Structure formats: C-alpha cells, structure tokens
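Reminder, nothing fancy here: chain letters follow the sequence lines and each chain counts from 1. Note that the coordinates shown come from a computational prediction; the quantities given were computed from them, not determined experimentally.
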Amino acid sequence: MAYSDKVLDHYENPRNVGSFDQEDQDVGTGMVGAPACGDVMKLQIKVSDDGVIEDAKFKTYGCGSAIASSSLVTEMLKGKTLDQALDIKNTHIAEELALPPVKIHCSVLAEDAIRAAITDYRSKNETETAGYDACKPAA
Amino acid sequence: MQTMTHTNYFELFGLAPSYRIDMTLLENTFCRLQGELHPDRHASHSENERRMALQMSADVNDAYRTLRHPVSRAQCLIRLAGYAEAENSATVSPAFLTAQMEWREAIEEASAMQDIKVLEVLARRLRHKLTTQENELAAMLDEQGDFQAAALRMNELRFYEKLRNDIDDVIENMESTTSHGRV
C-alpha cells in the first residue's frame, strides 16, 4: 500500500518523539492500543497554569500511519487549550494525512490518545485543586 | 454428492465448540474434507453440484484457518455465545499497555545493540507469557463460561502475538545478517 507524502514525512521525521515524567503534576499521559493490529501509542501533554498545552510528546509502536497520526497530533496540540484539543477529531487527522480507509483506525487511535491524556491530566489536577481549596482560609 | 450441513465452523469439522480442540483431528478432518470436495471428484456432476462443492470447499478453508489459531478460535466461540460486542468493549487497561510499551522498548534496545542473547531471553519469556494467557483463556471459555473476561483476555493475547511475531522477525533478520554478511 502506498503511503501519502505527508505520512512518509511524519514517519521518516517524526516530531516530538519522547517522554515527560509521568508523575509530574502538569503532565497528562494517554496510553491507548489497538488489539486488531497490536499497536501501542503513548501521548503526553504538558499543560501550563492557564490551561494551555505548551508541549506534547509521543511514543508509538505500530505501522507508519499510526506513527504519523501521533506525530501530527503532537504538532496540532501545541498552543491549544484543553477544550480546543478535545475538538480535534480523527477525521481532521485522516484528512490531513490523506489516510486510506483501511488506516482510518490509526487516526481514531490518535484521537483516543488525546482524550486519554486530557482525562489523565484533569483527574490528576481536579483532586489536587479540591484538596487545596478545602485548606484555603475563608477570604 | 452428499451435502454437508453445518451451523458453525466447529460443527463443520465434527468438533464440540470449545477452546481446547484436538489439533490432529482438525488436520485430519481438513484433509479428508478437502479430498472429498476436490473438483476432480465432481467433474461429472451437475453445474449446481459443482458450484456447491466449490462453496463448501471455501467454507472448509475458512473454518480451518479460524479454528487453527488461538485468537480466531476464541473469537469464534465468543461470537457463538452471543458476546460479539464484548470484543469491542473489552478495553485493555493502561497498566497492560504500559507493560506492552516496556516489552517494545526492551526489544528495541536489544535490537539496536544487536544483542541476540537478550532477544532470545525476551522471546522465551514472551512464549511463556503466551502459554499462560492461553491457558487462562481456555479456562474462561471451556470451564467458567465467562465470555466477557475471555474477550478481554483474547484482546490481550493479540498484543502478545504481535510482539512474538515482531521479535521473531528481528531475531531472524539478525541471524541472516550475521551468517551471510550485509547485502
């Protein structure tokens, strides 16, 4: 199967490969996998105090389309708020990379990874904020 | 021509629907059925009968492929039990995926170092893991009848199978490179 130029570009020069410390409070980690092809994808976001994604990294073991989808997503995420990031749909990824129908599931996986990373960040920080608020002296 | 009626792949091979099956019996039945269905044996029959034999032969091939492999055999049982949906809803845990990531990293590292000894150790551990998973899957399907749990175990097995195929490829490539030199 022929990959599009954009897929090849991301596959050969993947952007933002790597990891942040999963334990850091400002980091959200999304781990997703596709049983049908055995692909594993880790997407991490680093979020600033005002809720903007300032950096993103990924590590994907899978086919070219899965690697390209996650690489592209790290670029798309930077500078977005968490709510804006949730608006990224797999169709945007598939269109941008010109994925053929048999590879659409790779873009679905990348969308799932975004959601998982944001959920992880939010669940980490919600509990933190609640605890902080409870201890805050009344104004 | 004797028509073979069946409602599922297990029945087609005269097997009870279970995960643990007699592999020798499967092989032998496959050969016998394909012999009976061979086009040469039906050359003198009507066009309709020949078409039916051809269709049946294709079914036998599909059934054989499905029943021979652990994942597709489990999938077949889960679907027969009416749990087709469980396959999609059974999501592997983040902890499982993290462990998969660690397997991948270990394989990647060993193959970058061209360390075939480490790769072989990993391959052995992986095979051990696969056997354990398969035994658990067999118990869930054949004894406990817990198809929901079986669907999850099956999905996990798919990740391990992919790992095994990949590590075998890496080892094979490394062996052919070292014995024949770089091409």
Whether over 12 other heavy atoms sit under 6.0 Å from [X] [atom1]:
| X | atom1 | answer |
| --- | --- | --- |
| M113(B) | CE | no |
| D5(A) | CG | no |
| K129(B) | NZ | no |
| E85(B) | CD | no |
| D49(A) | CG | no |
| F96(B) | CZ | yes |
| Q84(A) | CD | yes |

Same cluster or not: V73(A) versus M41(A), using hydrophobic residues (I, L, V, M, F, W, Y) connected whenever any side-chain heavy atoms lie under 4.5 Å apart?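 No, separate clusters.
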
Applying the 4.5 Å side-chain criterion to the ILVMFWY set and letting contacts propagate, would L137(B) and Y83(B) be lumped into a single cluster? yes

To the nearest 0.5 Å, what is the distance between NZ on K42(A) and OG1 on T98(B)? 7.5 Å

Reported OG1-to-CZ distance for the pair T60(A) and R104(B), which is rounded to 0.5 angstrom: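 The OG1 atom of T60(A) sits 11.0 Å away from the CZ atom of R104(B).
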
Is A34(A) close to chain B through its backbone or its side chain, or both, or neither, when contacts mean heavy atoms under 4.5 Å?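 The backbone, not the side chain.
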
For residues 143-157 of chain B, give me every residue with a non-hydrogen atom less than 4.5 Å from any non-hydrogen atom of chain A.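 The residues closer than 4.5 Å to chain A, in numerical order, are N155(B).
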
Could you check whether Q100(B) and Y61(A), counting side-chain N and O atoms only, form a donor-acceptor pair closer than 3.5 Å? no

Smallest separation among heavy atoms of L97(B) and V40(A), with atom names: O-CG1, 3.8 Å

Side-chain heavy-atom pair K59(A), E105(B) within 4.5 angstrom cut-off: yes

If you count heavy-atom pairs under 4.5 Å between each of A36(A), G33(A), A116(A) and chain B, which one has the most? G33(A)

